[in-house]
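Counting starts at 1 for both ligands and their atoms, in listed order. Numbering starts at 1 and runs along the sequence shown.
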Amino acid sequence: MTILAVETSCDETAIAILRDGELLASEVASQIALHAATGGVVPEVAARDHLRTLRPTLNAALEKAGVALGEVDAFAATHGPGLATSLMIGLSVAKGLAVGFGKPFLGVNHMEGHLLSPFFKRGGVRPAVGLIVSGGHTMLVDIESVGSYRLLGQTQDDAAGEAFDKVGKLLGLPYPGGPNVNRIARDGNTTAFDFPRSMIHSDDFAFSFSGLKTSVRYLLPKLAEVPLADVCASFQEAIVDVLVTKTLRAAQKTVRRVVAVSGGVSCNTRLREKLTAACAQRGLELFLAEPSLCTDNAAMIGYVASLRLALGDTSPLTVEIDPNLRLVA
Ligand code: KG4
Ligand code: ZN
């Protein structure tokens with residue numbers, strides 16, 4: 001079974017080709033350089049770039065995989081959540097290919113792609129507590145099996161990645177802030193500033209990161225006098241502490257023995273380090289998505305498509321984009 005997956009929900013144009021659980025190609029054309037000038041994604045600019053890069057990215061994936069379009073058994077694409085004009089391009093291309101080659105089509109939820117990405121090449125999906133930490137979302141999900149999810153809690157304001165990006169911008173770092181804050185924090189003191197850990201003790205699985213960003217803003221007048229690495233390390237530690245504490249509590253409450261962590265922020269080295277130590281201490285199995293599967297990619301979309309096809313599931317061609325598509329109804 002050969003699956004071709006397309007992901008264009010935000011600012012990466014991505015194509016992946018999977019065959020029987022093997023990843024033959026995963027091409028990602030990043031728009032980071034394009035959006036650096038504006039310090040964030042301008043939807044119109046992102047959509048135009050998807051149009052420009054989709055075809056070369058598709059050709060590169062086919063060439064790398066050594067697969068011809070006629071050999072593909074099913075086409076899949078992200079249909080939400082994301083930017084409407086970006087989603088439309090990938091979805092239209094995948095549907096067009098499915099119609100043209102007379103093959104099944106699957107619309108995939110981007111969040112399900114992230115959620116299940118830690119299980120790729122690890123023997124399949126297992127009951128687990130899933131933490132998704134990306135630029136647009138921060139959520140804890142109880143995973144029973146493929147397609148059976150319960151939302152435990154999510155952020156009430158900024159997503160973790162959004163907090164990293166906004167603080168990076170406040171500190172004058174290049175876009176996107178997350179990887180740059182992470183890099184600079186390596187030489188910093190994590191206890192130099194006692195930033196708030198909002199909702200860390202609340203008896204639920206909700207998150208709030210906007211107060212933390214405001215605390216960093218209060219420091220700005222003094223920025224020239226304090227080491228930037230200390231600000232980055234202390235800020236990062238506050239986010240990581242909240243994420244780790246709440247994830248472990250979710251595992252305890254749901255009595256799951258596996259913790260599955262995904263999304264762009266799960267590339268963060270401090271988060272990986274602290275989760276690894278905390279899970280080892282509690283005897284929990286930790287599944288971290290491979291770094292190449294953490295940030296947006298089409299391999300995770302193809303993986304979900306393969307799991308759903310195995311369950312006999314396909315989507316009608318009437319499936320539309322849904323910028324607000326939810327993971328759990
Ligand atoms: O999953 P993703 O590629 O896109 C969304 O679906 O949102 O996540 C992108 C986010 C950005 O906010 C980026 O700053 C953050 O992931 N990110 C990081 C790191 N690498 C990427 N945040 C913290 N530390 C990192 N190393
Ligand atoms: Zn994403």
Environment of the Zn ion (ligand 2) in terms of protein N/O/S atoms, cut-off under 2.8 Å: His110 NE2, His114 NE2, Asp296 OD1

Gly136 to ligand 1, any heavy atom closer than 4.0 Å: yes

Lys/Arg N to Asp/Glu carboxylate O, Lys213 vs Glu162, below 4.0 Å: no

Results of side chain to side chain contact (heavy atoms under 4.5 Å, CB included) for Ser306 - residues two or more places apart only: Ile3, Tyr303

Ser148 side chain vs Glu144 backbone, donor-acceptor pair below 3.5 Å: no

Which residue and heavy atom of the protein sit nearest atom 11 (C) of ligand 1, plus the separation: Asp165 OD2, 3.4 Å

Closest approach of any protein heavy atom to atom 26 (N) of ligand 1, naming residue and atom: Asn182 OD1, 2.9 Å

Geometric cation-pi criterion, Lys95 with Phe75: 6.0 Å, 45°: no

Side chains of Thr78 and Glu7, donor plus acceptor under 3.5 Å: yes

Distance from atom 17 (N) of ligand 1 to nearest protein heavy atom, with residue and atom: Gly264 O, 3.5 Å

Short N or O distance, Gly161 and ligand 1, threshold 3.5 Å exclusive: yes

Heavy atom of Cys294, distance to ligand 1 below 4.0 Å: yes

